[in-house]
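Contents: one structure, followed by commentary.
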Amino acid sequence: MIITVASGKGGVGKTTTSASLAVALSKFGKKVLAIDGDISMANLGILFNMEKKKPSLHEVLSGEVDVRDAIYRHKTGVYVLPTSLSLEGYKKSDIDLLPDVVNEVADDFDYVIIDAPAGLNREMATHLAVADRLLLVVTPEMFSIVDAVRLKESAEMAGTPLMGVVLNRVGRDFGELGRDEIEMLIKGKVLVEVPEDESVRAAALKKMSVIEYREKSPASQAYMKLASMIAGDP
Ligand code: ADP
Ligand code: MG
């Protein structure tokens, strides 16, 4: 199954969610490929300490190498297709090649998780179209939800239904929207609430996902719960 992790607004936790869900699913014995789909501002590779790997997705999308040459196994067991931070790499990449690249390897994995860029541009349209399901990441604020609604609608137009919503950074602010309000606005189910958790940032500083860094932290437990829901384990 191909899951695109996306949001309307930037900085809400897509990369955090992609990496953590990938690691959590692999803890449930699933074979997972995490793809850094944000080809202009790659971040996912950093959480697997693979941002300097070459070849990366850039070389795959420029037609220089086969996709299998750019997939690396991380010590958590997750397979990663990282993207480099190079501007040259971005310039030579052809996003239109992405669907073929993803489909070529998808059958080798139980789950392919694509960390998408923010916004509703052509790149996003490609990430949505290739996915079987959309996993929306939102924070409990109005703008985050409004943008998420538009994204969900365009995913549905592209034939990609919503898997559910990850409500991230809960408890960070006063006056947050509640779960029920959010479900009503998005017309979709909040699968899990991920609390604001300082371990998330501490892990990023160490170039790790939060689960690798501190498995018992509140955010890690939320992502383990999400993975168990998705993988269908009790
Ligand atoms: P996006 O990929 O949507 O831009 P990131 O996953 O990069 O978002 O997260 C943006 C910032 O917020 C990062 O600095 C990250 O460490 C921090 N962050 C994300 N989720 C949490 C959380 N639950 N608790 C604390 N900090 C978080
Ligand atoms: Mg990101």
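Predicted model, so just to flag it, every value in this text is computed and none were measured. Whatever order the structure lists ligands and atoms in, that order sets their numbers, starting from 1.
- Proximity to Lys14 (heavy-atom distance under 4.0 Å) selects the following atoms of ligand 1: 1 (P), 2 (O), 3 (O), 4 (O), 6 (O), 8 (O).
- At least one side-chain heavy atom of Val105 sits less than 4.5 Å from a side-chain heavy atom of Ile71.
- Residue-level proximity to ligand 1 for Pro195 is carried by the backbone, the only part with a heavy atom below 4.0 angstrom.
- For Lys9 and Phe143, the positive end is not near the middle of the six-membered ring at less than 6.0 Å and at most 45° from its axis.
- The two residues Leu85 and Ala42 come nearest to each other via the heavy atoms CD2-O, 3.0 Å.
- The protein heavy-atom contact nearest to atom 4 (O) of ligand 1 is Gly11 N, 3.0 Å.
- Checking only distances, Gly13 does come within under 3.5 Å of ligand 1, N or O to N or O.
- Put simply, the side chain of Leu44 does not reach to within 4.5 Å of the side chain of Thr83, judged on heavy atoms.
- Under 4.0 angstrom from ligand 1, there are no non-hydrogen atoms of Val137.
- Linking Ile, Leu, Val, Met, Phe, Trp and Tyr residues whenever their side-chain heavy atoms come within less than 4.5 Å leaves Val165 and Val12 in two separate clusters.
- Nearest protein heavy-atom neighbour of atom 14 (O) of ligand 1: Arg201 CG, 4.1 Å.
- Annotation: cation-pi pair Lys31/Phe109 present, NZ/CZ under 6.0 Å from the ring centroid and within 45° of its normal.
- Scanning the protein for heavy atoms near atom 15 (C) of ligand 1, the closest one is Thr16 OG1, 4.0 Å.
- Near Asn168, with a cut-off below 4.0 Å to any heavy atom, the atoms of ligand 1 are 19 (C), 20 (N), 21 (C), 22 (C), 23 (N).
- Given atom 24 (N) of ligand 1, the protein heavy atom at minimum distance is Asp197 N, 2.9 Å.
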Step-by-step side chain to side chain donor-acceptor pair (under 3.5 Å) determination, Thr126 to Glu123:
CA-CA 5 Å; Thr126 309; Glu123 265 171 53; over 6 Å; no
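- The protein non-hydrogen atom at the shortest distance from atom 7 (O) of ligand 1 is Thr15 CB, 4.0 Å.
- Salt-bridge annotation for Arg214 and Asp197: absent, with no side-chain N of the basic residue lying under 4.0 Å from a carboxylate O of the acidic one.
- Considering backbone and side-chain atoms alike, Val194 places every N or O at 3.5 Å or more from each N or O of ligand 1.
- Among the atoms of Ser18, no N, O or S atom is found under 2.8 Å from the Mg ion (ligand 2).
- Ion pairing between Glu88 and Lys92 fails under the 4.0 Å rule for side-chain N and carboxylate O.
- Nearest protein neighbour of atom 21 (C) of ligand 1, counting heavy atoms only, is Val200 CG1, 3.6 Å.
- In terms of polar-atom proximity, defined here as any N/O pair under 3.5 Å, Arg169 does make such a contact with ligand 1.
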